[in-house]
Amino acid sequence: MKILFFTVLAIILFYLIKKAYKNTKDIVINKVKINEVLANGNSPKLNILQLSDLHLENISISPVELYEKLKDKPIDLIALTGDFLDRKRTIPNLVPYLKILNQLNAKHGIYAVLGNHDYVLRDHNLQTLIETLERYNCKVLQNENDMIIVQGKPVNIIGIDDFSTKRSNLEASYEGIKPGTNLVLTHDPNIVLHMKKYHFDYLLAGHFHGGQICYPKAYHLVKMGKLARMNIIKGFHMQDGKPFYISEGLGQTGINIRIGSRPEITLHELSLAVADNEVLTAI
C-alpha cells in the first residue's frame, strides 16, 4: 500500500513540475497605456519596450523567438530593468539578445539599470557585464540621468541603482535634471516608497517575478520589502499619486519553474501630454 501511495505521489509531483516548467514558456505580452485619457490626438507618445529579469541561466525564450515576437511592434525606446544574470560565465550568452534588441531599431535607444543579481558579480566581472551592455549600445545608468527629445518634448530617463543592495542614490539620480517628462528605470520597486519628494511621471521596475511560485500568494517574498508584504508584486500601481509598473520578468531565478505567474514582455505607451498637466491616470 505504501509503495502505491508513493508511486501515485511521485506521478502527481512529476506532472506538477512538468506543468510548472511549461509555464516558463508561456510568455505574455502585456500592453499598458498611460495617461491616454488626458492625451489629445496630437499628443506625442513614447512607445517603450520593457524587459526585466532575464536571468539568462533560466530563460525560456531564444533571441530569435524574442525578435519574432517584437519585430512588428512600434518601439521608440527599450528599457532593461536589471537582473541579467548570476554568473560571469553567462555574460557571453547576453550578446545574442543584445544584438536582437539592436535589430529592433528603437529610435531613442536602449537604456539599462542593474539589479541585485547582477551585483553578485564583483570588480572585473561586473565591469565586463557593463562593458558588454555598452558595447551593444545600451546606456547603463547608475544613479544618473539622460535626456531624449520626443517630437519636441524633453523626456528625462532617470536610472536609479538597485535599492535592495543599498546602491540607490536619489539625489545623484536627479542631479541636474531639467523640466520635462520624468521616466524612471530601476530594479527594485520598493524605492517608490522613498520618492515622495522626487517627481516621476512613470516608473518601471521588476525584481519580484510576479512571485514566480505563488501558492496562492507569494509568501516567500515577505523578506523582499514592504511592497511584497502588501502583495504589490506585479502590474500597474500608484504611489503618492504617481504611476509605476512592476514586470513579472522574462526569466526565472533558482529553480526554472513558474506557478501562478508567467514570463512577461511589456509594451508601454506613455502619453507625454501629462508632463504639462502634472495629472496622472492610467487605463
Side-chain angles (χ1 to χ4, degrees), residues 20-21 23-30 32 48-63 65-66 69-70 78-87 90-91 93-94 96-98 100-101 110-121 126 129-130 132-133 138 140-142 159-165 167-168 184-192 203-214 218 220-221 223-225 227-228 232-237 244-268:
Y21 174 71
N23 289 342
T24 67
K25 298 180 180 295
D26 185 15
I27 296 167
V28 176
I29 298 180
N30 286 327
V32 186
I48 307 163
L49 165 64
Q50 181 193 9
L51 300 178
S52 194
D53 299 84
L54 271 66
H55 289 284
L56 289 171
E57 290 83 7
N58 286 319
I59 191 170
S60 301
I61 185 171
S62 71
E65 290 169 332
L66 182 63
K69 285 183 178 293
L70 294 170
I78 298 173
L80 308 177
T81 48
D83 274 9
F84 296 95
L85 41 77
D86 292 275
R87 303 178 185 92
T90 312
I91 295 176
N93 296 347
L94 179 59
Y97 289 91
L98 297 178
I100 287 299
L101 294 182
I110 307 171
Y111 287 84
V113 292
L114 301 179
N116 56 302
H117 282 261
D118 302 316
Y119 281 113
V120 171
L121 303 181
L126 178 62
L129 170 61
I130 294 172
T132 301
L133 288 163
C138 297
V140 181
L141 299 178
Q142 295 176 281
I160 303 175
D161 214 346
D162 181 53
F163 178 78
S164 66
T165 54
R167 288 179 167 85
S168 297
V184 172
L185 310 182
T186 195
H187 180 65
D188 182 350
N190 281 296
I191 191 69
V192 300
L203 181 147
L204 303 180
H207 190 46
F208 294 139
H209 300 199
Q212 188 172 318
I213 302 173
C214 304
H220 59 292
L221 296 184
K223 295 182 180 180
M224 294 179 70
L227 288 182
I232 298 175
I233 58 173
K234 62 182 177 180
F236 180 87
H237 300 275
F244 67 99
Y245 190 91
I246 307 173
S247 168
E248 294 192 57
L250 196 51
Q252 291 70 237
T253 186
I255 186 168
N256 193 20
I257 62 174
R258 283 184 181 255
I259 300 172
S261 68
R262 293 292 186 275
E264 176 180 1
I265 295 168
T266 323
L267 297 169
H268 305 266

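These numbers were taken from a predicted model, which means no experiment stands behind them.
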Engineer: With sequence neighbours left out, what residues match Q50 under side chain to side chain donor-acceptor pair (under 3.5 Å)?
Structural biologist: T81, H268
Engineer: Using a 4.5 Å cut-off on heavy atoms from C-beta on, say whether the side chain of R262 contacts that of I27.
Structural biologist: no
Engineer: So, do L98 and C138 sit near enough that their side-chain heavy atoms are less than 4.5 Å apart?
Structural biologist: yes
Engineer: Is any side-chain heavy atom of E248 less than 4.5 Å from a side-chain heavy atom of P263?
Structural biologist: no
Engineer: Does a donor on one side chain sit under 3.5 Å from an acceptor on the other, for H187 and N116?
Structural biologist: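 A pair is found: one side chain offers a donor N or O, the other an acceptor, under 3.5 Å apart.
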Engineer: Side-chain contact, heavy-atom cut-off 4.5 Å: I265 with V28?
Structural biologist: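 Of all side-chain heavy-atom pairs linking V28 with I265, none is under 4.5 Å.
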Engineer: Tell me which one of D53, T266, I61 satisfies side chain to side chain contact (heavy atoms under 4.5 Å, CB included) with L250.
Structural biologist: I61
Engineer: Give the intermediate values and the outcome of side chain to side chain contact (heavy atoms under 4.5 Å, CB included) for residues F244 and I232.
Structural biologist: CA-CA 11 Å; F244 67 99; I232 298 175; 4.2 Å; yes
Engineer: Which residues satisfy the side chain to side chain donor-acceptor pair (under 3.5 Å) test with R167, sequence neighbours excluded?
Structural biologist: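 R167 satisfies side chain to side chain donor-acceptor pair (under 3.5 Å) with T165 once adjacent residues are dropped.
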Engineer: Residues two or more places apart in sequence or in another chain: which of them pass ring-ring contact (aromatic ring centres under 6.0 Å, His included) with F208?
Structural biologist: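 F208 satisfies ring-ring contact (aromatic ring centres under 6.0 Å, His included) with no other residue.
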Engineer: Report yes if some heavy atom in the side chain of L204 is under 4.5 Å from a heavy atom in the side chain of I246; otherwise report no.
Structural biologist: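 In short, these two side chains do not touch, never coming nearer than 4.5 Å.
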Engineer: Contact between L129 and D118 at the side-chain level, heavy atoms closer than 4.5 Å - yes or no?
Structural biologist: yes
Engineer: Rounded to the nearest 0.5 Å, how far apart are NE2 of H207 and CZ of F163?
Structural biologist: 9.5 Å
Engineer: Would you say that L66 contacts Y97 through its side chain, given a criterion of any heavy-atom pair below 4.5 Å between the two side chains?
Structural biologist: yes
Engineer: With a 4.5 Å cut-off on side-chain heavy atoms, are K234 and H209 touching?
Structural biologist: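 The answer is no; the side chains never approach within 4.5 Å.
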Engineer: State whether a side-chain donor-acceptor pair under 3.5 Å links Y119 with D83.
Structural biologist: no
Engineer: Do you see a donor-acceptor pair shorter than 3.5 Å between the side chains of S261 and R258?
Structural biologist: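 Their side chains do contain a donor-acceptor pair, which is all the 3.5 Å distance test asks for.
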